[in-house]
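Residue numbers start at 1 and run along the sequence shown. Only a predicted model underlies this, so the values are computations on that prediction, with no experimental measurement involved. Note: hydrogens, waters and symmetry copies are ignored here, and every other heavy atom, side chains too, is used.
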Amino acid sequence: MRLSRGVIYCYQLITKAIGQDEMSEKTTSQVADLLGISRPSLITFLSRHPEVRPEKRIQPSGDLLWTDEEIARLKEAKAKARGGRPKKQ
């Protein structure tokens, strides 16, 4: 299940109203938006690089929750990874 932007916006408004900071964990969709890629592309990258997959999941949907440290680790791994099709010789 994917959280809509409206639900996330309402959550942020509520947390600000009760004095809590912004959401410290982000969903997979939010992380994909941050990186400028699609959610399916991020899922494919995680299947090829399971070492950067975050620990926490939302139950029962199974969506991943990302901390700032895990996002930084993902950005680093994505920068190092060779992407695309091999060049013809």
Heavy atoms only: give me the nearest Leu65-Glu25 pair and the separation to one decimal.
CD1-OE1, 3.5 Å
Would a 4.5 Å heavy-atom cut-off, applied to side chains only, mark Ile71 and Lys26 as touching?
yes
Would you call Glu69 and Arg73 a salt bridge, taking side-chain N to carboxylate O under 4.0 Å as the test?
no
In terms of hydrophobic clusters joined by side-chain contacts under 4.5 Å, are Ile43 and Ile37 together?
no
Give a yes or no on whether a salt bridge exists between Asp63 and Arg39, defined as a side-chain N under 4.0 angstrom from a carboxylate O.
yes
Derivation of the side chain to side chain contact (heavy atoms under 4.5 Å, CB included) call for Glu70 and Arg53:
CA-CA 8 Å; Glu70 290 167 336; Arg53 182 179 293 272; over 6 Å; no
Note: Val52 and Trp66 closest approach over all heavy atoms is O-CZ3, 3.6 Å
Between Thr44 and Ser47, is any side-chain donor less than 3.5 angstrom from a side-chain acceptor?
no
In terms of heavy-atom contacts, does CD of Glu51 have more than 12 from other residues, nucleotides or ligands at under 6.0 Å?
yes
Do Ile58 and Leu64 have side chains that get closer than 4.5 Å, going by heavy atoms?
no
